[in-house]
Each structure stands twice: as C-alpha cells, then as structure tokens.
Amino acid sequence: HVVDVVLTESAAKLVSATALAAVARRPVRTSMWEGVGDGRMDHIDLAADADAFVIAPATADLLARAATGRAADLLSACLLVTRAPILLAPAMNSRMWEHPFTRRNVEILSSLPNVHWVGPERGELACGWEGPGRMADPDKIVATPARLGRRDLEGRSFVVTAGPTREPLDPVRYLGNRSSGRMGQAVAEAAARRGAKVTLVRGPVDLPPPTAGVALVEVTTAAEMRREVLARWRRVDAVVMAAAVADWRARKVAPEKLKRTAATTTLELEANPDILAEMGRRRGKALRPVLIGFCVETTDLAAAARAKLAAKRCDLLVANLAQEAMGLPTARVEIHRPRGKPLGPFEGPKAEVAESILDAIGVELAIREKR
C-alpha cells in the first residue's frame, strides 16, 4: 500500500517525522499550511485520495475533535473531507475511556456510516493502570481495514431484532427495560455492509434509521415482534435475536389511566411468548436458519449463558453483563456455542463487537453448507 502519514503536534513528541518518513518512504504531513504557497491544499488532496484512514492511537482529544466537527489541525480537517472508511483505534486511560463525554463522542462517531473501530482492549496501560483503554495490537489494526471491504455475506439473508419492547399497563404507562437497540442495529448495519439482505425488526428506540441496505420494521410489543419475526424466519439464513424482549405483560390492560388510590398496588402479569425458544422448537433438527440469541445478566454470566443456550436450542448465544453493555455505546461480550469454549471476550464500541459476532455467524453458516 501507499501510506501517507499525518503526524499531529502531540504525536511528534513521541515519534519523529524523520523516522516515520523513512518507513513510509513518503513525506510526513504535519500542518494544514504545508504547500499552501504552492497552490496545494493537503487536507483536501489527502482526504480525497485516501482509500482508508487509520488513526492509531485515537486519543480522547482526537475523538472529541472528530465528534464535534473540529478542523483545527490537518488530521481533523481530513476527517471532515474524506468519505473513505475511517478506522479508529482508541488508546487512553480507563477513566477517560469510561467518562460520559468520551462515551457520548463514541456514540456520535458510531452513527456515521464510514466510521469503524478496533479496540480498545483491556490490559496494562502506559500510566500503569489496568483496565480498558489499551490500544489494539498493531497486527490486528493492520488486518482490520481489509475486513471493512469484505462482502463475505453476499447472498445471505438475515432477520435481526433490536431494542426493547413496551408492554402497556394503561393508556399512559408501560413495562419496559433499558435496552438502547444499539447492539442489534449495529449487527444489522454491519451485515448489510458485508453483503447480506437484512430486515431489522426494531422496538421503540431513540436511534436514527439504519443505514442503506437494511429494511426497517418497527414494533412496540413482544406480540408484535413475534408476529413480524415469525412471518420471515423460515425464509432467511440467520435470525439474530438481539432485542431485549420484555418477559412479562399485563394480564389486563386498563382502558383508562390507573389512579393512585393507595400507598401500594398489585399488578397481575403474564409471561410473554419466548420468540427464540419457539423458533428453536419449531426448527427441530433442520440446519436453517442459524439462530443467535442474546443473554443479559447481572451476575454468574457463564452459567446463565450455558443454561439459556440449551433451553432455547440456539446455535450461538451472545452473553454480556447488563452493567457492561445495556444503554451504553460500548459492550463486552462472550459468544457461547453448544460445543467448545466460549469465543471472546470481545470488547469495544458496539459497531466493532458486531463485526466479531458476524464473524462467528459466518463460521456457523459455512459449517452448515458442508453438511
């Protein structure tokens, strides 16, 4: 590859432009003002010519500048101009990575169709701390851009569910949960980028419409989600049940707003249908579709994942702790299989975790083709 290096002022304190130019065998760019007198505009030319941008490390400050559209230096100006894939490899102190401002910036950047992530990973940080924030291994960063252009799911079809369901109690109130829908939507969008035909069945969420290539079906209740999924599941290669479907609904929905007439009250609830378990039962020993479930727990994750994998008869089960994913732009998941050790853990922005989930699904699809 032809590699152009953009070196920020802070990065130049850690590595010299001369060393990078020697490796790249091209001049290193450090300022928007280079070449202006010659009629060149480097931030336009660099951004227009690039097939991909790889930013490693992507610091907390860089994420903040990119998320707010700053263009005070050459690198951030290039990011505003380019329409090529942008791969961000975050690296920072754990508290900086977990800070609400950084999480907000990650969420904003993740909403852009050309932004992708690799890392950060857990481990020993430069400051001596242990935790999330370590930059991904350079070999992994180098391998990732090739994956961005993959069409390995060409010809496949997916149904993906996302978000919560809301079960009405009366015309005003409902039972719900804290699911944001980001993980399911990230899986749907990544599958479409990789060539699959995707239908996203989405509960009520505060998210923009999915990117091109994803057909959106919006629902509210578990019963509505079941109806839409069961109308399609036999015709697809994989069903990814990432939605947090409410376990319970009101046995009787009040026709008018319930009044507070006492210090306590009792609600009578009945179980919602288990959509994934129903598909597992009805599929029996058939090879298709591949069924992928999600498991959110607060404790004892591995034991709960093994139990649900067997009970729901699914092929893969993506498990995570609620405090490490629900309502957040990032996630840390394990992928459990009926045989063998769990895959992962996979950790980072949900767009990156979605790619790892699809890698596992792709393996399952390939195995079934050989049977």
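Side chain of N320 to main chain of V296: no donor-acceptor pair is present (N/O by atom type, distance under 3.5 Å, no hydrogens or angles). With hydrogens and angles disregarded, a donor-acceptor distance shorter than 3.5 Å links the side chain of R173 to the backbone of L258. Between the N93 side chain and the G133 main chain, no donor and acceptor come within less than 3.5 Å of each other. Under a 3.5 Å cut-off, the side chain of T165 and the backbone N or O of T220 do not form any donor-acceptor pair. Side chain of R368 to main chain of L287: a donor-acceptor pair is present (N/O by atom type, distance under 3.5 Å, no hydrogens or angles). Not one N or O on the side chain of T330 forms a donor-acceptor pair closer than 3.5 Å with the backbone of G348. A donor-acceptor distance shorter than 3.5 angstrom exists from the side chain of R235 to the backbone of A231, with no hydrogens or angles considered. Between the side chain of R283 and the backbone N or O of P289, at least one donor-acceptor pair lies under 3.5 Å. No side-chain donor-acceptor contact under 3.5 Å links H1 to the backbone of V3. T82 places no side-chain N or O within donor-acceptor distance of the main-chain N or O of C78, the cut-off being under 3.5 Å.
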task = Show your working on salt bridge (Lys or Arg N to Asp or Glu O under 4.0 Å) between E355 and R193 and close with a plain yes or no.
result = CA-CA 10 Å; E355 297 285 359; R193 283 195 301 271; 3.3 Å; yes
inquiry  = Set out, in order, the CA-CA distance, both residues' side-chain angles and the distance that settles salt bridge (Lys or Arg N to Asp or Glu O under 4.0 Å) for R281 and D274, then state yes or no.
reply    = CA-CA 11 Å; R281 242 182 357 259; D274 189 324; over 6 Å; no
task = Output, in order, the C-alpha distance, side-chain angles, deciding distance and verdict of side-chain contact (heavy atoms from CB on, under 4.5 Å) for L276 and C314.
result = CA-CA 8 Å; L276 180 60; C314 53; 4.2 Å; yes
Step-by-step side chain to side chain donor-acceptor pair (under 3.5 Å) determination, T102 to N105 = CA-CA 5 Å; T102 303; N105 294 333; 5.3 Å; no
task = Walk me through it: do K308 and E297 pass the test side-chain contact (heavy atoms from CB on, under 4.5 Å)?
result = CA-CA 11 Å; K308 288 189 177 183; E297 297 292 335; 3.0 Å; yes
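Residue R95 places its CZ atom among 12 or fewer non-hydrogen atoms of other residues, nucleotides or ligands, all under 6.0 Å distant. Atom CZ of R70 is surrounded by 12 or fewer heavy atoms from other residues, nucleotides or ligands within 6.0 Å. The neighbour count for Y174 OH, taken as heavy atoms of other residues, nucleotides or ligands under 6.0 Å away, does not exceed 12. Sparse packing is recorded around CZ of R178, with 12 or fewer heavy atoms of other residues, nucleotides or ligands lying under 6.0 Å away. No more than 12 heavy atoms of other residues, nucleotides or ligands sit less than 6.0 Å from atom CD of E9. Counting non-hydrogen atoms of other residues, nucleotides and ligands closer than 6.0 Å to CD of E270 gives a total above 12.
Using a 4.5 Å cut-off on side-chain heavy atoms (C-beta onward), S110 and V115 make no contact. Between T161 and V245, every side-chain heavy-atom pair lies at or beyond the 4.5 Å cut-off. Annotation: side chain of V106 is not in contact with side chain of F101 (no heavy-atom distance under 4.5 Å). Residues D237 and V290 are not in side-chain contact: their nearest non-hydrogen atoms beyond the backbone lie 4.5 Å or more apart. Using a 4.5 Å cut-off on side-chain heavy atoms (C-beta onward), R194 and L358 make contact. Considering only heavy atoms from C-beta on, K350 stays 4.5 Å or farther from P329 through its side chain.
No donor-acceptor contact under 3.5 angstrom links the side chains of R232 and T199, judged on distance only.
For R337 and D315, the salt-bridge test fails: no basic side-chain N is under 4.0 Å from an acidic carboxylate O. Checked for salt-bridge contact, R182 and E107 meet the test: a charged N lies under 4.0 Å from a carboxylate O. Using a cut-off of 4.0 Å between Lys/Arg side-chain N and Asp/Glu carboxylate O, E154 and R151 are scored as salt-bridged. Between R313 and E278, no side-chain nitrogen of the basic residue sits less than 4.0 Å from a carboxylate oxygen of the acidic one, so the salt-bridge criterion is not met. With respect to E167 and R249, no salt bridge is recorded, no charged nitrogen being found less than 4.0 Å from a carboxylate O. With respect to the salt-bridge test (charged N to carboxylate O, under 4.0 angstrom), the residues E369 and R156 qualify. Classification of K140 and D137 as a salt-bridged pair fails, no side-chain N sitting under 4.0 Å from a carboxylate O. A salt bridge is defined here as a Lys NZ or Arg NE, NH1 or NH2 lying under 4.0 Å from an Asp or Glu carboxylate O, and K252 with D170 fails to meet this definition. Between R134 and E121 no salt bridge is recorded (no basic side-chain N to carboxylate O distance below 4.0 Å).
Under the side chain to side chain contact (heavy atoms under 4.5 Å, CB included) rule, L321 has a single partner from L301, T298, V333, which is L301.
Atoms CG and CZ, from L88 and F53 in turn, are 11.5 Å apart once rounded to the nearest 0.5 Å.
Hydrophobic clustering of Ile, Leu, Val, Met, Phe, Trp and Tyr side chains at less than 4.5 Å, counting indirect connections, keeps F346 apart from W117.
What you find for P164 and N177 is that their closest heavy atoms are CB-OD1, 3.2 Å.
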